[in-house]
Amino acid sequence: MATKTSQPLKTGAEIKNKELKIFLIGMMGSGKSYWAAKLKKKLKIPAYDLDNLVEIMEERTIAEIFEENGEAFFRKEETKMLKLFSEKKQFILSCGGGTPCFNENMDWMNKQGITIWIDEPIDVLVQRLMVEKDHRPLISKLNNHELANFLAAKLAERQLFYSQAQHTLTGAQISEPSFLKIVEQHA
């Protein structure tokens, strides 16, 4: 009896000339930057971190922007930087946790390319963020219990936007083969 073999996933070389815009969304600590870097190596296309780009453009940290100009200013600059990606043909963009929730960014990203919500459970986020608190101004002064409550409240606020993503990966589904399968569907 013959067994059906599945098609191998396309390599970076095979998708070189195709438009491939990937937006990774989710809560802080969900692994957006980690997966952007992994996919960059596998697909051989550029990867960017939206928060880092805003910091470079503004020549100051996000904490400084929030403190000096407020969140509304930051969100305006974040959206401006996001929209610059309409000019690019291929990329993986790790978006800030709040990016999809402002200025109709989620609608825009869905029209531009592939949106993937990396949906890790709160306890996993807490475990990851406990060691990063000093580098994240929104959570730097929270104990672990407060951190869990903060993340649960933020997720409740953002879930409406995150759930509009074309794809959602949760828990054990968050793996390189799962990301590549999604990309394959669009490549």
Side-chain angles (χ1 to χ4, degrees), residues 22-40 47-82 92-110 114-176 178-179 182:
I22 303 169
F23 299 91
L24 301 180
I25 66 168
M27 294 291 291
M28 69 172 82
S30 63
K32 300 178 302 273
S33 298
Y34 170 83
W35 286 108
K38 281 195 73 104
L39 292 171
K40 172 186 176 175
Y48 304 93
D49 183 296
L50 189 59
D51 284 347
N52 288 346
L53 293 173
V54 172
E55 288 181 334
I56 291 166
M57 180 177 70
E58 285 295 312
E59 297 181 334
R60 53 195 171 143
T61 68
I62 291 172
E64 291 168 335
I65 297 168
F66 266 69
E67 187 176 313
E68 295 167 16
N69 299 95
E71 184 177 10
F73 176 84
F74 169 76
R75 295 301 175 189
K76 188 179 97 186
E77 297 307 306
E78 174 186 57
T79 299
K80 268 198 256 179
M81 182 59 70
L82 175 67
I92 302 155
L93 184 63
S94 171
C95 299
T99 305
C101 310
F102 295 89
N103 305 317
E104 299 178 9
N105 289 340
M106 193 68 220
D107 290 338
W108 185 86
M109 289 186 286
N110 276 328
I114 305 165
T115 52
I116 304 171
W117 174 16
I118 304 173
D119 182 19
E120 287 282 18
I122 297 293
D123 60 323
V124 171
L125 299 178
V126 169
Q127 188 176 15
R128 290 179 183 169
L129 292 170
M130 284 187 312
V131 297
E132 292 184 24
K133 284 199 281 190
D134 293 344
H135 307 291
R136 296 181 181 266
L138 284 177
I139 62 171
S140 63
K141 294 178 174 57
L142 303 178
N143 66 38
N144 294 344
H145 179 70
E146 292 168 331
L147 178 58
N149 289 339
F150 172 83
L151 292 170
K154 277 291 176 205
L155 180 58
E157 289 172 17
R158 296 173 174 178
Q159 195 154 7
L160 173 67
F161 298 97
Y162 291 171
S163 65
Q164 294 172 38
Q166 297 157 358
H167 303 276
T168 299
L169 295 177
T170 305
Q173 295 174 323
I174 304 170
S175 66
E176 187 173 292
S178 295
F179 280 103
I182 290 168

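Both backbone and side-chain heavy atoms feed into the values below; hydrogens, waters and symmetry mates do not.
The two residues Thr99 and Glu78 make their nearest non-hydrogen contact at OG1-OE2, 2.7 Å. Between Ser33 and Asp49 the shortest heavy-atom distance is OG-OD2, 2.9 Å. Taking each heavy atom of Ile25 and Ala165 in turn, the nearest pair found is CD1-CB, 3.9 Å. Shown here for Ala47 and Ala36, the closest heavy-atom pair between the two residues is CB-O, 3.6 Å. When all heavy atoms of Tyr162 and Gly97 are compared, the closest pair comes out as OH-O, 2.5 Å. Scanning all heavy atoms of the two residues, the minimum distance from Gly26 to Trp117 falls at CA-CD1, 3.8 Å.
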Problem - side-chain contact (heavy atoms from CB on, under 4.5 Å) between Val54 and Lys80, worked out - result: CA-CA 9 Å; Val54 172; Lys80 268 198 256 179; over 6 Å; no

Practice task
Check the pair Tyr48 / Met81 against side-chain contact (heavy atoms from CB on, under 4.5 Å), numbers first and verdict last.
Solution key: CA-CA 11 Å; Tyr48 304 93; Met81 182 59 70; over 6 Å; no

Exercise for the section: Please step through side-chain contact (heavy atoms from CB on, under 4.5 Å) for the pair Glu146 and Asn143, ending with a clear verdict. Expected result: CA-CA 5 Å; Glu146 292 168 331; Asn143 66 38; 3.4 Å; yes

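Met109 pairs in a side-chain contact (heavy atoms from CB on, under 4.5 Å) with only one of the listed residues (Leu93, Ile22, Leu82, Ile114), which is Leu82.
Shown here is Glu104, whose CD atom has no more than 12 heavy atoms of other residues, nucleotides or ligands within 6.0 Å. Heavy-atom contacts from other residues, nucleotides or ligands closer than 6.0 Å to CD of Gln127 number 12 or fewer. In Glu68, the CD atom is crowded: over 12 heavy atoms of neighbouring residues, nucleotides or ligands sit closer than 6.0 Å. The local environment of NZ in Lys40 is sparse, with at most 12 non-hydrogen atoms from other residues, nucleotides or ligands closer than 6.0 Å.
Using a 4.5 Å cut-off on side-chain heavy atoms (C-beta onward), Arg60 and Asn69 make contact. Using a 4.5 Å cut-off on side-chain heavy atoms (C-beta onward), Arg128 and Glu120 make contact. Using a 4.5 Å heavy-atom threshold, the side chains of Asn105 and Phe161 count as separate. For the pair Leu169 and Ile182, the minimum side-chain heavy-atom distance is below 4.5 Å. Using a 4.5 Å heavy-atom cutoff, the side chains of Trp35 and Ile174 are in contact. The shortest side-chain heavy-atom distance between Leu24 and Tyr34 does not fall under the 4.5 Å cut-off.
Atoms CD and NE2, on Gln173 and His167 in that order, are 12.0 Å from each other to the nearest 0.5 Å. Atom CD of residue Glu77 and atom CD1 of residue Ile62 lie 12.0 Å apart, to the nearest 0.5 angstrom. Distance check: Ile139 CD1 to Met28 CE gives 5.0 Å after rounding to the nearest 0.5 Å. Taken from CE in Met106 to OG1 in Thr115, the straight-line distance is 4.0 Å, to the nearest 0.5 Å. For the atom pair CD of Glu59 and CD of Glu64, the computed distance is 11.0 Å after rounding to the nearest 0.5 Å. To the nearest 0.5 Å, atom CD of residue Glu176 and atom NZ of residue Lys38 are 5.0 Å apart.
Distance alone, capped at 3.5 Å, places no donor-acceptor pair between the Lys32 side chain and the Ile118 backbone. Formation of a donor-acceptor pair under 3.5 Å by the Gln159 side chain with backbone atoms of Ala156 is not found in this model. Side chain of Gln164 to backbone of Asp107: no donor-acceptor contact under 3.5 angstrom is found. Using modelled atom types, no side-chain atom of Glu55 and backbone atom of Thr61 make a donor-acceptor pair closer than 3.5 Å.
Taking 4.0 Å as the cut-off between side-chain N and carboxylate O, Arg75 and Glu71 count as a salt-bridged pair.
Side-chain contact, Asp119 with Thr168: no donor N or O sits under 3.5 Å from an acceptor N or O.
Relative orientation of the Phe74 and Phe66 rings is tilted, given thresholds of 30° and 60° on the angle between their planes.
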